[in-house]
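Structure first, then comments.
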Amino acid sequence: MEYQLPRLTKMWTHLERQAGGKVKGMGEKQIEVDKRILRTQIGVLKKELESVRKHRKQYRNRRFSVPVPVVSLVGYTNAGKSTLLNQLTGANVLSEDRLFATLDPTTRRVQMKNGSEFLLTDTVGFIQKLPTTLVAAFRATLEEISESSLLVHVVDISHPLAEQQIDAVEKVLAELDVSEIPKLMVWNKVDKVTDPEKIKLEAERREDIVCISALTGEGLLEFCNAVQEKLKDSMVPVEALVPFNKGELLSTIHQVGMVEKTEYTENGTFVKAFVPLRFARLLTPMRQLCKS
């Protein structure tokens, strides 16, 4: 609508002015009426977007209270982010071979084989030369990215313009000011390329790249392992003595962290692990107990 507003000229030449009564004068031009209607609709939509932004912020605050790492899928539109989410979580998110099939972020829990887990968020796809007004319209959706522990950049490696798409996504991420969040690049749709082995060798040569096929499920185990290793970088090492009556804390450490050592003593369970920073703060009293 903001794009259309200044481009309404000469659309209503057959309705140049609204006719008033005989003593009312020429009246208002039809184009002015249309612009006023558009401006009113833009105002209504902006209020709705603000409501969505507040609503999603409440969701994020609730998630923040539970110390589970959040992993966001970002990438060019139609790169296969929703298909990857569906394959990993069994979600029934719409995934189609078209632009902007995803317009609303979806978050699902991913359970690893070793018992740890993380939240996976599917976000709206990017395009080249994304208009600033459209970035503003998607801001409520894109704010999910800024709260992430890890960004997974999904690339359609079978696309002939894959490199340009990567640059376009990096440019939008720079605008969102999320450069400090760790990133993992995923080359998707390796089943569609002419020489998959060559692509996999190229990925091994570079760092922080995983080759997968979200459609067939190829490489998903390697993807989960890579995510876990990346999340480990954003965690802090802790040593704590968990009392026997705090069994739920021990269970949470196994879910949200990476346990390296567990030892049962007379006073409780000694745990050496990597956990998210905000969860490490909850364990502070037990860490001091461990030192004493």
Side-chain angles (χ1 to χ4, degrees), residues 68-93 95 97 102 105-123 125-126 144-145 148-159 162-163 165-166 169-170 173 178 181-235 237 253-260 273-276:
V68 180
V70 178
V71 177
S72 288
L73 299 174
V74 298
Y76 207 80
T77 184
N78 205 31
K81 299 182 293 299
S82 298
T83 307
L84 178 57
L85 180 79
N86 289 342
Q87 188 74 256
L88 283 169
T89 65
N92 194 23
V93 176
S95 57
D97 188 14
T102 300
T106 306
T107 303
R108 293 289 184 272
R109 192 179 292 262
V110 178
Q111 186 84 37
M112 305 279 284
K113 286 185 178 179
N114 61 3
S116 63
E117 53 189 31
F118 59 88
L119 297 177
L120 191 63
T121 300
D122 183 20
T123 63
F126 303 151
E144 296 289 315
I145 295 170
S148 306
S149 308
L150 174 67
L151 299 182
V152 174
H153 183 174
V154 183
V155 180
D156 178 3
I157 200 62
S158 66
H159 199 283
E163 287 297 329
Q165 291 183 355
I166 291 170
V169 172
E170 293 292 341
L173 289 176
V178 291
I181 300 175
K183 294 183 185 66
L184 172 68
M185 188 170 284
V186 171
W187 285 356
N188 188 27
K189 305 187 185 181
V190 288
D191 54 320
K192 286 189 174 182
V193 298
T194 50
D195 191 354
E197 291 306 316
K198 184 182 176 184
I199 292 293
K200 288 174 185 175
L201 286 170
E202 176 67 19
E204 283 178 16
R205 191 176 62 82
R206 300 195 198 184
E207 290 184 1
D208 296 335
I209 296 179
V210 182
C211 288
I212 66 162
S213 170
L215 196 63
T216 64
E218 181 189 348
L220 290 189
L221 183 61
E222 290 82 356
F223 167 74
C224 287
N225 291 337
V227 166
Q228 199 168 20
E229 281 301 313
K230 276 286 180 181
L231 287 174
K232 185 178 176 180
D233 294 342
S234 64
M235 296 180 184
I253 291 171
H254 280 278
Q255 281 183 342
V256 305
M258 299 177 70
V259 178
E260 291 190 338
F274 286 87
V275 295

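Quantities reported herein were computed from a predicted structural model and do not represent experimental measurements.
For the pair D191/K189, a side-chain contact is recorded, criterion being any heavy-atom separation below 4.5 Å from C-beta on. Residues V193 and W187 are not in side-chain contact: their nearest non-hydrogen atoms beyond the backbone lie 4.5 Å or more apart. With a 4.5 Å cut-off on side-chain heavy atoms, D156 and Y76 do not count as touching. The shortest side-chain heavy-atom distance between I199 and S158 does not fall under the 4.5 Å cut-off. Between I166 and M185 the shortest side-chain heavy-atom distance falls below 4.5 Å.
The closest donor-acceptor contact from the side chain of Q87 to the backbone of A214 lies under 3.5 Å.
Note: L120 CG to L85 CG = 5.0 Å, rounded to the nearest 0.5 Å. K192 contributes atom NZ, which lies 13.5 Å from atom CD1 of I157 (distance to the nearest 0.5 angstrom). In this structure, CZ in R205 is found 10.0 Å from CG in L201, a value given to the nearest 0.5 Å. Put simply, CZ on F223 and CG on L84 are 5.0 Å apart, with the number rounded to the nearest 0.5 Å.
For the pair V227 and L184, the tightest heavy-atom approach, listed with the atom from each and the gap, is CG2-CD2, 3.9 Å. Residues G80 and N188 share a closest heavy-atom pair of CA-ND2, 3.6 Å. Minimum interatomic distance between P182 and L150 (heavy atoms only, all atoms of both residues): O-CD1, 3.3 Å. The shortest heavy-atom contact between V259 and A273 is CA-CB, 3.7 Å. Residue C211 comes nearest to K200 through the heavy atom pair SG-CA, 4.0 Å, listed as atom of the first residue, atom of the second, then distance. Minimum interatomic distance between L73 and V154 (heavy atoms only, all atoms of both residues): CD2-CG2, 4.1 Å.
A side chain to side chain contact (heavy atoms under 4.5 Å, CB included) with K183 is found for one member of L173, V74, V152 and no other, namely L173.
In summary, R206 and E202 engage in a salt bridge, as defined by a charged side-chain N under 4.0 Å from a carboxylate O.
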